[in-house]
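Proteins come first, then strands; the chains are lettered A, B, ... in the order of their sequence lines, and each starts at number 1.
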Amino acid sequence: MTLKSTYSKAALLGFYRDMLLIRTLEERIGYLFLEGVISGTLHQSLGQEAVAVGVCSALNKDDVITSGHRPHGHAIAKGLDLTAFMMELFGKTGGCCGGKGGSMHVGDLSVGMIPSIAIVGANVPVGTGAGLTFKLKKEPRVAVCFTGDGGVAEGAFHEAVNIAAVWNLPVIYVIENNRYAASTHYSKNSKLEHLSDVAAAYGIPGVSIDGNDVLKVYETARDAVDRARNGGGPTILEAMTYRLIGHNRRDPCNYMPKAEREEAKANEPIKRFEDYLVSQDHISARDAEQMKLEIEALVEQSVQKAAGADDPLPEDALKDVYV
Amino acid sequence: MSTFEGTSKSMANQLSISQALREGLAEEMSRDPNVFCMGEDISIPGGWGGVFTVTLGLEEAYRDQLLDTPISELGYIGVAVGAAIMGMRPVVDVQYGDFLFLAMDQIVNQAAKMRYMSGGKTKVPIVIRAPVGATGRGAQHAQNLERFFVGVPGLKVVCPATAYDAKGLLKSAIRDDNPVMMFEHKLLYGSKGLGQATGAVDASSDIPEEDYTVPIGEGIVRRQGSDVTIIATLLMMHVAMNAAEELEAEGVKVEVIDPRSLSPFDWDLVEESVMKTTRVVIVEEGPKTGGWSAEIAASLGSKMSDYLSAPVVRIASPDIPVPFSPRMESYYRPNREDIKRAVLKLIE
């Protein structure tokens, strides 16, 4: 683990707990999907938890994030209510989007997350607009746009980052590089070795880091957030990570080389951080196990609440088109 | 061309559409600090105030509320959508409506759907102003874009044909919590200098001193008649008025309805007129196939079949891109003779 700062034990356990919560949640809803309880599709973030938790831990509650079609981790890390999240995936009226959004549109402005945008790259201009709002209103808030290695190939990404650079907006662009845009390796989407090198084209700072090191992600994000909050403008932060599961739940990942997958599993962020915490006596193996059980119970509670919640009426579909 | 509103004959505040829009923008920016304008070349010192001079002269007084953007329609319309979600009220100036295609995702997938996808918890109070109409600039600075947005749930579509309506609808659009597409015709602006157009039509109005709005979704009867109802917007409304005047001389009484909003549409006003005239002509600038007039015609055909004495007639452009040559462009745009011919045939 890279340690630039000193952390309280509570802070360290907080990172661990948040990552575990996302992992547990993703695993649970994966099964619910396979059982046919959750319909549609799921784009999950197993293996990418350190990016969501590291970045969101560097934000205030009133800072705003936007995410894409793989938003579960970001939503939970930003503080979206677990039950409201679960109910949304179940298509219930009590969901964070009233059951009209689903997995790819989770969000809640009251916790600082614009409902997710499932067109790759399209959330980047929208999040930039949040940054513009903070600048126009002279509020010391920042916006974060999470996108992937695939999103960097979209025109929306380039246009929005350029605007943020020219206008010096308080926005952090997090390229969560999980190596594959659906099934296409990022080397086929860009000729750059480090995707953060695009920053040079806009005259802003860019940095690529180990995205499976939660403390490194946190510290890098915090620096970018501090700079943005103090009028220093936008930053591009590429976090190298790996998608431990398929693009969606039905994807067998045959395009991922076996050796690469094995290496990624050995390098996955939660086990790495757990080993570190145990080695530094921040947590015992038994306490870690206890924490897992508590989180499983918490997730199960949200599943039960969602399963028992009211379904929308079919004609509720007609509401909420216009204000 | 006569003007349509105002009781004063003094012409005390006779404004063109571009002047009326400028007044409206200034008043709304003064009234609400969350209102701001963004677009290409809208407030460059020594510049144009937008291609059609709508924001000319506002650049000093409203320096903090006018944002000149890079040439990035997808980018800046997306930024405006994000700002609207966060509580601002952006008014986006698109140089030519044709450029909206660059930003279709942000308009159709984001602005229009965000409220719905969030289960009614988010709103996107954005106004997108875009000039339309064939005006000697060839195929890519000429299209009428209304047709592409009337079928998008979540968007409102307005198209003012007079300065009075331009200012009133602009104010309604800015104060509306939904995304509003506002289409303005290049030949109706009355812009001087850079934005001046050959073949321009006077759409100026006497603008009241006091604050007023024109409600979105409310059409207006421009001229009363009992024989045939013509539905037309923007430039075509003016052409239809000319045709109606000439038909009057031939003893044909034409009622001209300007819906002013295409979405929502003022069905009540049109249906009331159809009950009286039983005959309808819809005039639309733009290719006939898939035009907004098709939707109106189809709906009237089914809803008003008990009243119609003849099928609804549509006059629109041929299914071609807009040509450059003035002779060919005139052929493309529906004209007074087309309308007169259709009306006379309908009452045969």
Can you list the residues of [range] that sit under 4.5 Å from chain B, counting heavy atoms only?
range                       : answer
residues 308-318 of chain A : A/A317
residues 124-147 of chain A : A/P125, A/V126, A/T128, A/G129, A/A130, A/L132, A/T133, A/F134, A/L136, A/K137, A/R141
residues 86-95 of chain A   : A/G95

Under a 4.5 Å heavy-atom cutoff, which of [options] has the most pairs with chain A?
options                      : value
B/I85, B/V124, B/L102        : B/I85
B/A80, B/G82, B/P179, B/A112 : B/G82
B/G120, B/A103, B/P33        : B/G120

Region of [X] in contact with chain A, defined by heavy-atom distances below 4.5 Å:
X      : result
B/L155 : backbone
B/P153 : both
B/D177 : both
B/Y76  : both
B/E73  : backbone

Completion exercise
One option among A/A160, A/P115, A/G98 has the most heavy-atom pairs under 4.5 Å with chain B, and it is A/P115
Quick one: [atom1] on [X] to [atom2] on [Y], what's the gap to the nearest 0.5 Å?
X      : Y      : atom1 : atom2 : value
A/I119 : B/D105 : CD1   : CG    : 5.0 Å
A/D320 : B/S118 : CG    : OG    : 7.0 Å
A/C97  : B/R115 : SG    : CZ    : 12.0 Å

Problem - pair A/K100-B/M117: side-chain heavy atoms closer than 4.5 Å - result: no
Problem - Within-4.5 Å side-chain heavy-atom neighbours: B/V79 and A/E159 - result: no
Keeping [X] on the side-chain end and [Y] on the backbone end, is there a donor-acceptor pair under 3.5 Å?
X      : Y      : value
B/N178 : A/V323 : yes
B/K121 : A/C96  : yes
B/Q110 : A/A122 : no
A/Y322 : B/G154 : yes

Practice task
Measure A/V64 against the heavy atoms of chain B and call it side chain, backbone, both or neither at under 4.5 Å.
Solution key: side chain
Completion exercise
Whatever's closer than 4.5 Å to a heavy atom in chain B on A/D108 counts as neither
Handout entry: More than 12 heavy atoms of other groups within 6.0 Å of B/I71 CD1
Key = no
Fill in the blank from the handout: Between B/S72 and A/I163 the two heavy atoms that sit nearest each other are CB-CD1, 4.2 Å
Completion exercise
Sorted by chain and residue number, the salt bridge (charged side-chain N to carboxylate O under 4.0 Å, His left out) partners of B/D176 (sequence neighbours excluded) come out as B/K156
